[in-house]
Amino acid sequence: MSQVGSFALLIALVLAVYSFLAGILALVRESPGSERLGETARRAGVAIFAAVLFAAVVLVMAAFRDDFSIAYIFHHSNRDLPGPYKFAVLWSGQEGSLLFWSLLLAAYGFVLRLRHKTDQRLFAYASVIIAGVQIFFLLLLNFAAHPFAVMQGERAVDGNGLNPLLQYPEMVIHPPMLYLGYVGMTIPFAFAFGALVMRYQGEQWIHITRRWTMVTWMFLTVGIFLGAHWAYAVLGWGGYWGWDPVENASLMPWLTGTAFLHSVMMQEKRGMMKVWNMWLVFATFWLALLGTFLTRSGIISSVHAFAQSSIGEWFGWFLAVTFATFALFFVKNKAHLKSEHRLESLVSRESSFLFNNLLLLLACFTVLWGTWFPKISELVEDKKITVGAPFYNKVAIPVALLLLLMTAVGPLLAWRKTSLDSLKRNFLWPSLGAVAVGILMMIFGVRPWNDISYFYALMAAMLGVLVILTVVSEFVRGGRVISRHTGQNLAASVVHLWHRNTRRYGGYIVHFGVAMVVIGILGTAFNQDKEKEMGFGDKLALGPYTLVCQSYTQDDNPNYGNEWAIIKVFKGDEQITTLYPERRFYKASQQPQTIPRIYPTFTGKNPLLITDLYVVYEGVNQDTGRPIIKAHLNPMVPWIWTGLLVIIFGTLSALVPNAAAVRVTVPARAQAVPAGAGD
Amino acid sequence: MTPFVLCVCLLFTAAVVFYVFYLPGTLKLDPKKTRAAYLRERRDVVYDNLRDLNFEFKAGKFPEADYQAMKASLEEEAAAILAEIARLEAAPSSVGPIGSPTKQKN
């Protein structure tokens, strides 16, 4: 089977090279017959998907058939690995994950090439660019990281097994989501670069790529959050974000992608920021590649990164070539990207987008600098200076708060300029609501002058509430206008309002979700934890809870052996739950894994103040023979995961087509605006 | 390489070659986008902006004076675009396909 897989990858490479070269030739040569050549290039692009899919299916089948003659299967699977994890073998190692990258890119390219009639010329350019990226990954797969390499010598009876950290249900979803986001960023880049190369007239390419961009942004967001949730639920340190280089690698394209999603509206609406957007979309694509490079090259130490390998050099060269090619075409065609309008006022929707972009880029640069600083310091001073969470937090927290402010303010500002009267109309009530929340928090004991983290928490809560209130006010005011015209009740009018402009109101729902996430993060300021060796009947008090150890037990199955504690949780005299924190030992890989138990509960009477009780079985103290239990109280964390669901819902609702086509009668000469506009 | 593997590889190659190179009928690319077509897109965007402005005004987001100023500015922009479209339509060689322009708001 390995020969079939190898052959499919070789065919895919030939098809990609043909699609790229024939595509370029067809675009450059404006002669009879170039349409046919272009069509064969498009079809070759479509066929890449079939070839790469074939190769991926062969690899997955090899995992299910325990074919340990293939080195990749030997290193990343074993006979007793449960079925779903055998599927995840595809992306659990370097070669497989590169094949998965290539497969997703081929799938995106497949859909794009099937939809080429939307704008044949633009799609032809985008198709060539995607084929170019595809060539790189297929070269890697064929010559540097071959997933079908065969084991030498006698065939092994069993494999080394899958990394235990990956043997968790979320891990079957997290990498595909992240990869869909990473790889998907190639699509808006391909359209933007295509538009630059062909000097595309107008902003229609943005309209065409809008849904692609939103979908890939959503995948990247989900991937990042699933990674955070996995770290929270599996790594057992009580947190969800550790500023690990590989976490940072996924955050950087997300930051620039988010900036692009906002600033591109200025180009669509006002024909502004064309150069900025072109570089933003390039940066997003480039940072997605850089993220893949970080995880593959082993150049930067990380808990996630694969071992050091030679493919880092390949990535380095590819990053350099893409930058040089893009810069070359930018210099050649930059005159085409002239802005149609200027910024008229500092208090306007345009300026809010600009500030939002600058803040996102500042955050991105900080993360980039922090991620690379250990390597730079090693090169310059010959010693590795590690950059930890305090460095990132110093910049990231104020930037996140300012971004939250822009999220609240931006949608309420008018395009061009906003008067003082207009500001008063829009911000008075939401601001009073935010201030009221701040006062309430201080009454209930949050003292921002005692600790900077309390100050940040207070600001985050106030700004989060400001965002939520401004979003609600947008829906209510818009709903009232619809209600006046149609006679529907407010709820029906709000649905009507959303359906009238799904992108805008879906975007507001996303903002609502982001505010929830930030409120969830602010809970970190109030985290508590305790660690104790606990024998039978021993108690551990944490906040309003008392943990009582009932017993310890152990079990064994073909894949792993495990031991766990049985902990009863009391609040006052009432038992509220029993938790079973666990520690596993995987046999094939000979590696341990912690499985904490998390119980969302309410510390007070207010249902909004939800808190995670997080209990970890840390193992046995070898001296005393007694198990060590660590318990954390993490307030507001469930808000983060709920916020993600709201973000997903908002993005999906923004993808829904608008309700009705609006017919606009166009007068023969320049004298009119659409009749009845605004209804 | 077993005969089975050889057959699978040959079949796959034949299917790919057939799909890529068998092109029945004639193929035609869309005509290149003209300046007039681009202007029609811009005009539709300005109309959208006007529609949004009117809606936001009705929702009470702007005072009358702000609304009138912004509306005038957008109308001026629309008028300039329409004037250029009219000029281009008078010179038939430079225009794209002409039809009753309607738009799908999205």
Side-chain angles (χ1 to χ4, degrees), chain A residues 1 3-4 7-8 11 15 18 35-36 38-40 43-44 46-47 50-51 54 119-121 200-204 207 268-271 412 414-419 421-422 425-426 474 477-478 480-481 501 503 657-658 660-664 666-674 677-679, chain B residues 1-2 5 8-9 12-13 15-16 19-21 23 26-30 32-35 37-38 41-45 47-63 65-66 69-71 73-75 78-86 100-106:
Chain A
M1 286 302 276
Q3 289 163 327
V4 177
F7 183 77
I11 286 277
L15 286 167
Y18 180 80
E35 290 94 349
R36 295 188 83 79
E39 177 60 10
T40 60
R43 286 178 174 229
V46 171
F54 192 16
D119 187 328
Q120 287 177 331
R121 284 174 196 277
Y200 189 81
Q201 287 233 46
E203 272 55 71
Q204 196 62 18
H207 184 85
E268 258 185 293
K269 290 266 183 189
R270 306 267 289 131
L412 297 185
W415 291 98
R416 294 162 193 259
K417 59 184 170 189
T418 307
S419 69
D421 190 9
S422 184
R425 278 168 183 249
N426 291 310
E474 279 287 282
R477 287 202 289 197
R480 279 186 187 150
V481 176
N501 192 344
R503 179 165 70 142
N658 287 338
V662 178
R663 285 189 73 83
V664 178
V666 178
R669 288 291 178 264
Q671 57 188 9
V673 294
D679 293 331
Chain B
M1 190 177 274
T2 64
V5 169
V8 170
C9 293
F12 187 71
T13 311
V16 164
Y19 172 72
V20 173
F21 294 105
L23 305 173
T26 53
L27 296 163
K28 241 190 163 29
L29 265 181
D30 289 341
K32 275 190 175 168
K33 195 173 184 179
T34 61
R35 170 84 184 157
Y38 157 66
E41 281 170 20
R42 287 304 307 164
R43 174 203 59 195
D44 290 344
V45 170
Y47 283 177
D48 260 357
N49 294 349
L50 265 167
R51 207 172 281 111
D52 286 346
L53 177 70
N54 284 353
F55 188 84
E56 291 187 337
F57 175 61
K58 285 179 181 176
K61 284 178 75 173
F62 314 121
D66 287 12
M70 287 187 276
K71 190 175 162 207
S73 165
L74 280 171
E75 283 175 349
I81 293 168
L82 289 171
E84 192 177 347
I85 292 175
S100 171
T102 58
K103 78 173 289 285
Q104 173 92 23
K105 199 177 172 229
N106 193 9

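Residue numbers start from 1 in every chain, and the chains themselves are labelled A, B, ... in the order their sequence lines are given, proteins ahead of strands.
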Name the member of A:Lys417, A:Arg270, A:Arg416, A:Glu474 that forms the most heavy-atom pairs with chain B at distances under 4.5 Å.
A:Arg416

Looking only at heavy atoms, the pair that brings B:Glu41 and A:Gln201 closest together is OE1-O, 4.4 Å

Less than 4.5 Å to any heavy atom of chain B: does that hold for the side chain of A:Leu412, its backbone, both, or neither?
both

When every non-hydrogen atom of A:Asp421 is compared with those of B:Pro63, the smallest separation belongs to OD2-CB, 3.3 Å

Aromatic rings A:Phe54 and B:Phe12: how do their planes relate, parallel, tilted or perpendicular, breaks at 30° and 60°?
tilted

So, for B:Val45 and A:Lys269, which heavy atoms are closest and what is the spacing to 0.1 Å?
CG1-O, 3.7 Å

Relative to chain A, which segment of B:Glu84 carries a heavy atom at a distance below 4.5 Å: side chain, backbone, both, or neither?
neither

Could you tell me which non-hydrogen atom of B:Met70 sits nearest to which non-hydrogen atom of A:Ala414, and how far apart they are?
SD-CB, 3.7 Å

Rounded to the nearest 0.5 Å, what separates atom CD in A:Gln204 from atom CG in B:Asp44?
9.0 Å

With respect to chain B, which residue among A:Asn426, A:Leu15, A:Val46 yields the maximal number of heavy-atom pairs within a distance under 4.5 Å?
A:Asn426

Name the option with the most non-hydrogen atom pairs under 4.5 Å to chain B; the candidates are A:Val4, A:Asp119, A:Thr418.
A:Val4

Nearest heavy-atom pair of A:Ser422 and B:Phe62: which atoms, and what distance?
OG-CD2, 3.6 Å

Honestly, the part of A:Glu203 sitting under 4.5 Å from a heavy atom of chain B is both

Under a 4.5 Å cutoff for heavy-atom pairs, which residue among B:Asp66, B:Val20, B:Leu53 has the most contacts with chain A?
B:Val20

So does B:Lys61 have more than 12 non-hydrogen atoms from other groups sitting under 6.0 Å from NZ?
yes

Rounded to the nearest 0.5 Å, how far does CZ of A:Phe7 lie from OG1 of B:Thr13?
3.0 Å

B:Arg42: side-chain hydrogen bond (donor to acceptor under 3.5 Å, both in side chains) partners, not counting sequence neighbours
A:Glu340

For A:Glu39, what residues pass the side-chain hydrogen bond (donor to acceptor under 3.5 Å, both in side chains) criterion, not counting sequence neighbours?
A:Arg42, A:Arg43

Which region of A:Arg480, side chain (C-beta onward) or backbone (N, CA, C, O), has a non-hydrogen atom less than 4.5 Å from a non-hydrogen atom of chain B, or is it both or neither?
neither

